[in-house]
Undergrad: 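Handing you this structure, nothing more for now.
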Amino acid sequence: MSYEGRIWCGTVNSRYLNQKIELFGWVNRFRDMGGILFIDLRDRTGIVQLVVDQNNISNFQELRISNEDVLKIVGIVRQRPKDKINIKIPTGEYEVEVHEISVLSKSLTLPFPINEEDYKDVSVDETLRLKYRFIDLRRPKMFKNLYFRHKLIKKIRDFLDENEFLEVETPILSNPTPEGARDFLVPSRIQKGKFYALPQSPQLYKQILMVSGIDRYFQIAKCLRDEDLRADRQPEFTQLDLEMSFINYNDVFCLIEKMLKEVLLTTMGLEIKVPFLRMEYKEAIDQYISDKPDLRFPYPIRKLDIEKVQINVESVTNDVYFLIIPQTINRKEIDNLYNSGYKFLYLVREGENYKGTLLKYIQLEQFNGFVNNLEDPELKNKELYTVFVIFNQPKVKLNEIKQVLIDRKILLPTCSFYFLWVNNFPLFKLEEDGRISPEHHPFTNVHPEDKDLLIELYNNIDKFDSTMKSRFTSIRSLAYDLVLNGVEVGSGSIRITDPELQKMIFSIIGLTEEEANSRFGFLLNSFKYGVPPHGGIALGLDRIISILLMTNSIRDVIAFPKTQSGSCLLTNSPSGVGEEQLKELGIELLPLA
RNA sequence: GGGGGCGUAGUUCAGCACGGUCAGAACGUUGGCCUGUCACGCCAAAGGUCGCGGGUUCAAGUCCCGUCGUCCCCGCCA
């Protein structure tokens, strides 16, 4: 074998011309021509063609090569004749004349094809792929995904290292974290009846590390949440978790922007514009009906000022909203929308040509004046647009219309990747049962401009009924999300370091001092010994990688993912455990319902 | 917890709405031939309890009920 100077199949080139080399790999395909045998030998770097001539190989007749056998060969790299060059593969100018060949191991016939050509127009059932994940990962596409993931994470580590960050590992056997999801529990054998919780995030530990003066911490951290799965949600997932001292949120934004710019450039040659657009939470909800707008489609839903733009419809009793798109939409699609139940007026302008139901309710000149005054970078060409107007309906309807146009690919994205900061999330949300709970987590700092409001509401909380409690949701926090293509890919905040404020928050969310101390006492205690102001963020790496690689689900960028019911089809986890093991843990199972 | 899709040779699928020559195709696999192929070609062959269980019917891949698996979505979760 040869570790030193190993030559990879996909890298055979002129450097090795006429040299005797040793190659290892899998039989990707073979073509037996009778007296001559061509083998495409594959490793993770690619394919090279081997030529096995019966004149060179003594045991030619006994060779019973089959696909996916593992071979070791020794041979001479040759230039292929001009008319025999295969331009489809990087090594296509060369081939290896085999002098020695040995089959290191045989392979059964694969349960599904992995050759890219065989694969082109078919997608194998994912159940099968997951059961035979070891074969699935041989596919160049899957290897590419894992390779990219590796490189991205390595570059992130390098970048943060250069910026004085320290990677610190925090425990997996842990206590419940304040993220609000269900915990995975691990029974303690030594202390029967007690449980560890697997961390939903390293949140508490990283704040402790700030008290410890680590100052800049990060971790490529496994996070675990016992909630239902989705295409972009796994019970265990990987976050880039980081925390910094003596910073404000702007520092976090700049750091992440700089990091992503550098990392995406070096890993995929992608140039992204920084700084990313920053949008107030309120604005996002107001204009895009979402706290994670997809600004590849930068068309807000806006209120029409009917003082300035008259709409002569008698039945307008409520706000009028409009959506303007810088392109024309044909009649058929508009009819389609209308027939699927959306009620709207519309106007399509194409040069001096105006069409649509809105036409007879407006004064065209006035309306054009209004459109021309819209400050909308997407509306450069104001002679080509479609406007939808609705009234007496929630503006969500207009957003749904936009979504239908996107789904039907009538509206096309204006770019491939759009990063966005959504800033100043509310500090609290109101639960259905009337409780106030943290929108992010209870250590999120209040926005300085809203601190007085918080104190005022807090002082009057006893007088509030449930409807008045909703006033709490108007308090802004120093929490922010990073959004990529309409997907939340990161979340963070500036934390509370003022004990009085922290007490207030616990009190508002209904946590008694006792409960707070039992859950987070160690953190609160540490804050008594000199806590620096700090904040941070966690980026969902699986999601980011999945979006960048444009895979259908995050499963395609995770080596061994779980199915929607939380199973690993490769290992058959989760599985039952024996009586003995349960007994040792002091656990008795209830009968299955 | 709820809604929806899918489940037929090793694989990808057709067949199901209208029950009865419907056990089919392609690729793959196996055997044979072939010294320049590269998705090699040619000849031949094997291969399916139609996810599982029950029901309706003279008759069930096909209709009904249940169940299991998987995928997508809502709830939940950043």
Side-chain angles (χ1 to χ4, degrees), chain A residues 28-42 47-57 60 64 66-68 78 80-89 91-92 94-95 97 107-132 135 179-183 200-201 203 223-235 237 239 290-292 422 425 429 431-432 438-441 479-483 487-493 537-540 542-543 552-553 555 561-567 569 572 593:
Chain A
N28 194 62
R29 220 187 215 112
F30 64 97
R31 295 172 289 280
D32 186 350
M33 315 303 295
I36 192 169
L37 176 63
F38 296 98
I39 298 172
D40 292 336
L41 195 66
R42 184 197 71 236
I47 284 172
V48 66
Q49 174 165 281
L50 311 179
V51 186
V52 185
D53 194 311
Q54 64 181 359
N55 299 324
N56 292 328
I57 297 295
F60 188 90
R64 275 283 183 268
S66 49
N67 284 335
E68 300 304 312
R78 294 195 312 214
R80 291 203 205 182
K82 276 230 162 54
D83 57 329
K84 300 290 188 290
I85 289 172
N86 182 354
I87 53 166
K88 290 183 205 158
I89 55 174
T91 60
Y94 310 95
E95 61 190 9
E97 181 185 282
S107 171
L108 298 174
T109 302
L110 296 187
F112 55 91
I114 63 168
N115 289 333
E116 295 280 272
E117 288 90 355
D118 296 338
Y119 231 89
K120 220 177 302 173
D121 300 314
V122 281
S123 54
V124 170
D125 179 39
E126 198 175 353
T127 312
L128 200 63
R129 288 174 50 204
L130 290 175
K131 183 175 174 189
Y132 294 95
I135 290 166
E179 303 278 342
R182 236 177 248 117
D183 286 310
Q200 295 179 34
S201 81
Q203 182 62 33
C223 302
L224 300 110
R225 296 178 187 174
D226 188 7
E227 295 293 346
D228 285 4
L229 292 87
R230 286 282 193 286
D232 62 353
R233 261 159 46 189
Q234 285 274 308
F237 57 100
Q239 288 194 336
S290 167
D291 59 359
K292 39 181 192 286
V422 178
F425 269 65
K429 63 184 170 201
E431 302 287 348
E432 272 178 19
E439 172 76 28
H440 186 52
H441 58 55
Y480 35 80
D481 275 4
L482 179 64
V483 176
V487 177
E488 182 215 317
V489 294
S491 193
S493 63
I537 193 168
L539 302 187
D542 313 279
R543 282 185 182 176
N552 290 327
S553 86
R555 293 186 297 275
K562 304 274 190 291
T563 67
Q564 196 159 41
S565 58
S567 303
L569 298 179
N572 281 325

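Proteins come first, then strands; the chains are lettered A, B, ... in the order of their sequence lines, and each starts at number 1. Bear in mind the structure is a predicted one, so any value in this text is a computation, not a measurement. The figures that follow rest on heavy atoms only: side chains count, while hydrogens, waters and symmetry mates do not.
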Undergrad: Rounded to the Å, how far apart are A:N56 CG and B:G36 C1'?
TA: 14 Å
Undergrad: NA contact type, A:E439, heavy-atom cut-off 4.0 Å: base, sugar-phosphate, or nothing?
TA: base
Undergrad: Taking the side chain of A:K84 as heavy atoms from C-beta outward, which of B:U11, B:C74, B:U37 is closest to it?
TA: B:U37
Undergrad: I want to check one thing: is the phosphate of B:A39, taken as OP1 and OP2, less than 4.0 Å away from some side-chain N or O of A:K88?
TA: yes
Undergrad: Strictly distance-based, threshold 3.5 Å: is any side-chain N or O of A:R129 a donor or acceptor partner for the main-chain N or O of A:V124?
TA: no
Undergrad: Can you tell me the pairing partner of B:G28 across any strand shown, Watson-Crick or G-U wobble, with both distances under 3.5 angstrom?
TA: none
Undergrad: Using whole Å, report how far CD of A:E95 lies from C1' of B:U37.
TA: 10 Å
Undergrad: Could you please name the partner base of B:U70, counting Watson-Crick and G-U wobble pairs only when both distances are under 3.5 Å?
TA: B:G5
Undergrad: If we take the P atom in both B:U62 and B:G15, what is their distance in whole Å?
TA: 15 Å
Undergrad: Rounding to a whole Å, what distance do you find between A:D125:CG and B:A9:C1'?
TA: 15 Å
Undergrad: Looking at the side chain of A:R29, which of B:G36, B:A39, B:C76 is the nearest nucleotide?
TA: B:A39
Undergrad: Rounding to an integer number of Å, can you tell me how far A:K429 NZ sits from B:C76 C1'?
TA: 10 Å
Undergrad: For the side chain of A:F38, counting heavy atoms from C-beta on, which of B:U37, B:C71, B:C38 is nearest?
TA: B:U37
Undergrad: Can you work out whether A:L128 or A:G34 has the more 5'-proximal nearest nucleotide on RNA chain B?
TA: A:L128
Undergrad: Does A:R182 offer a backbone N or O that forms a donor-acceptor pair with the side chain of A:E227 under 3.5 Å?
TA: yes
Undergrad: Paired with B:A14 by Watson-Crick or G-U wobble geometry, both distances under 3.5 Å: which nucleotide is it?
TA: none
Undergrad: What is the nucleic acid contact for A:G180, judged by heavy atoms within less than 4.0 Å: base, sugar-phosphate only, or nothing?
TA: sugar-phosphate
Undergrad: Distance criterion of 3.5 Å, no angle test: do you see the side chain of A:D228 paired donor-to-acceptor with the base of B:G75?
TA: yes
Undergrad: Checking all strands, does A:F237 fall into the base, sugar-phosphate, or nothing category for heavy-atom contacts under 4.0 angstrom?
TA: nothing
Undergrad: Mind calculating the distance between CD1 (A:I39) and C1' (B:U35) to the nearest angstrom?
TA: 15 Å
Undergrad: Could you check whether A:I47 gets within reach of a base, just the sugar-phosphate, or nothing at all, counting any heavy atom under 4.0 Å?
TA: nothing
Undergrad: Please state the P separation for the pair B:C6 and B:A44 - nearest whole angstrom.
TA: 38 Å
Undergrad: Find the partner of B:U56: check Watson-Crick (N1-N3 plus N6-O4 or O6-N4) and G-U wobble (N1-O2, O6-N3) distances, both under 3.5 Å, and reply none if neither fits.
TA: none
Undergrad: Checking salt bridge (charged side-chain N to carboxylate O under 4.0 Å, His left out) between A:D40 and each of A:R31, A:K88, A:R29, which is the one that passes?
TA: A:R31
Undergrad: Any sub-3.5 Å donor-acceptor pair from A:R80's side-chain atoms to A:I85's backbone N or O?
TA: no
Undergrad: Quick check for you: among B:G36, B:C71, B:U30, whose closest atom lies nearest to any side-chain atom of A:E126?
TA: B:C71
Undergrad: Using the C1' atom in both, what is the distance from B:A45 to B:C64, to the nearest Å?
TA: 41 Å
Undergrad: Return the nucleotide paired to B:U49: Watson-Crick means purine N1 to pyrimidine N3 with N6-O4 or O6-N4, wobble means G-U with N1-O2 and O6-N3, both under 3.5 Å.
TA: none
Undergrad: Using heavy-atom distances to pick each residue's nearest nucleotide on RNA chain B, tell me which of A:N552 and A:Q54 is more 5'.
TA: A:Q54
Undergrad: With side chain to side chain contact (heavy atoms under 4.5 Å, CB included) as the criterion, how do A:E68 and A:I135 come out once you've worked through the C-alpha distance, each side chain's angles and the decisive distance to 0.1 Å?
TA: CA-CA 10 Å; A:E68 300 304 312; A:I135 290 166; over 6 Å; no
Undergrad: Could you work out the separation of B:G61 and B:C50 based on their C1' atoms and round it to a whole Å?
TA: 5 Å
Undergrad: Regarding B:G75, can its base be found pairing with the side chain of A:E227 as donor and acceptor, where the two atoms are less than 3.5 Å apart?
TA: no
Undergrad: Which is true for A:I89 with a 4.0 Å heavy-atom rule: it touches a base, it touches only sugar-phosphate, or it touches nothing?
TA: nothing
Undergrad: Name the pairing partner of B:G36, where a pair is Watson-Crick or G-U wobble with both distances under 3.5 Å, or state none.
TA: none
Undergrad: Name the closest nucleotide to the A:D53 side chain, picking from B:U12, B:U35, B:C38.
TA: B:U35
Undergrad: Is any side-chain heavy atom of A:N86 closer than 4.5 Å to a side-chain heavy atom of A:Q49?
TA: no
Undergrad: Indicate whether OP1 or OP2 belonging to B:G10 is found under 4.0 Å from a side-chain N or O atom of A:T109.
TA: no
Undergrad: Without swapping roles, check the side chain of A:Q234 against the backbone of A:R555 for a donor-acceptor pair under 3.5 Å.
TA: no
Undergrad: State the syn/anti category of B:G41 according to its glycosidic angle, syn meaning within 90° of 0.
TA: anti
Undergrad: Just how far, in rounded Å, is P of B:U12 from CG of A:N115?
TA: 15 Å
Undergrad: With the side chain of A:R31 defined as its heavy atoms from C-beta on, choose the nearest nucleotide among B:C38, B:U11, B:C73.
TA: B:C38
Undergrad: Strictly below 4.0 Å: does A:N67 bring a side-chain N or O up to OP1 or OP2 of B:U29?
TA: yes
Undergrad: Using a 4.0 Å heavy-atom cut-off, does A:T127 contact any base of the nucleic acid, only the sugar-phosphate backbone, or nothing at all?
TA: sugar-phosphate
Undergrad: Classify the side chain of A:N86 versus the base of B:U37 as yes if they form a donor-acceptor pair under 3.5 Å and no if they do not.
TA: no
Undergrad: Out of B:U12, B:U37, B:U29, which nucleotide sits closest to the side chain of A:V124?
TA: B:U12
Undergrad: So, under a plain 3.5 Å distance rule, would you say the side chain of A:R233 forms a donor-acceptor pair with the base of B:C76?
TA: yes
Undergrad: Please measure how far the C1' atom in B:A60 lies from the corresponding atom in B:C65, and state the result in whole Å.
TA: 14 Å
Undergrad: Please report the distance separating the C1' of B:G2 from the corresponding atom of B:C76, rounded so that it comes out in whole Å.
TA: 12 Å
Undergrad: Once you round it to whole Å, what is the distance between P of B:C33 and CD1 of A:I36?
TA: 18 Å
Undergrad: Determine the contact category for A:D83: base if any of its heavy atoms lies under 4.0 Å from a base atom, sugar-phosphate if only primed atoms, P, OP1 or OP2 are that close, otherwise nothing.
TA: nothing
Undergrad: Under 4.0 Å from OP1 or OP2 of B:C72: is there any side-chain N or O of A:R555 that close?
TA: yes
Undergrad: Using only side-chain N and O atoms of A:S565, determine if any of them is under 4.0 Å from OP1 or OP2 of B:U70.
TA: yes
Undergrad: Which one, B:G36, B:C38, B:G28, comes nearest to the side chain of A:R78?
TA: B:G36
Undergrad: Tell me which nucleotide among B:C38, B:U70, B:C76 gets nearest to the side chain of A:R230.
TA: B:C76
Undergrad: Quick one: CG on A:N67 to CG on A:N28, what's the gap to the nearest 0.5 Å?
TA: 7.5 Å
Undergrad: What interatomic distance, in whole Å, is found between P of B:G31 and the corresponding atom of B:U21?
TA: 36 Å
Undergrad: Do side-chain atoms of A:S66 reach the backbone of A:T109 as a donor and acceptor pair under 3.5 angstrom?
TA: no
Undergrad: Considering only side-chain heavy atoms of A:Q564, which listed nucleotide, B:G10, B:C77, B:C73, is closest?
TA: B:C73
Undergrad: Out of curiosity, A:D481 CG to A:I537 CD1, how far, rounded to the nearest 0.5 Å?
TA: 8.0 Å
Undergrad: Rounding to a whole Å, what distance do you find between A:L37:CG and B:C33:P?
TA: 14 Å
Undergrad: Under 4.0 Å between a side-chain N or O of A:S123 and OP1 or OP2 of B:U12?
TA: no
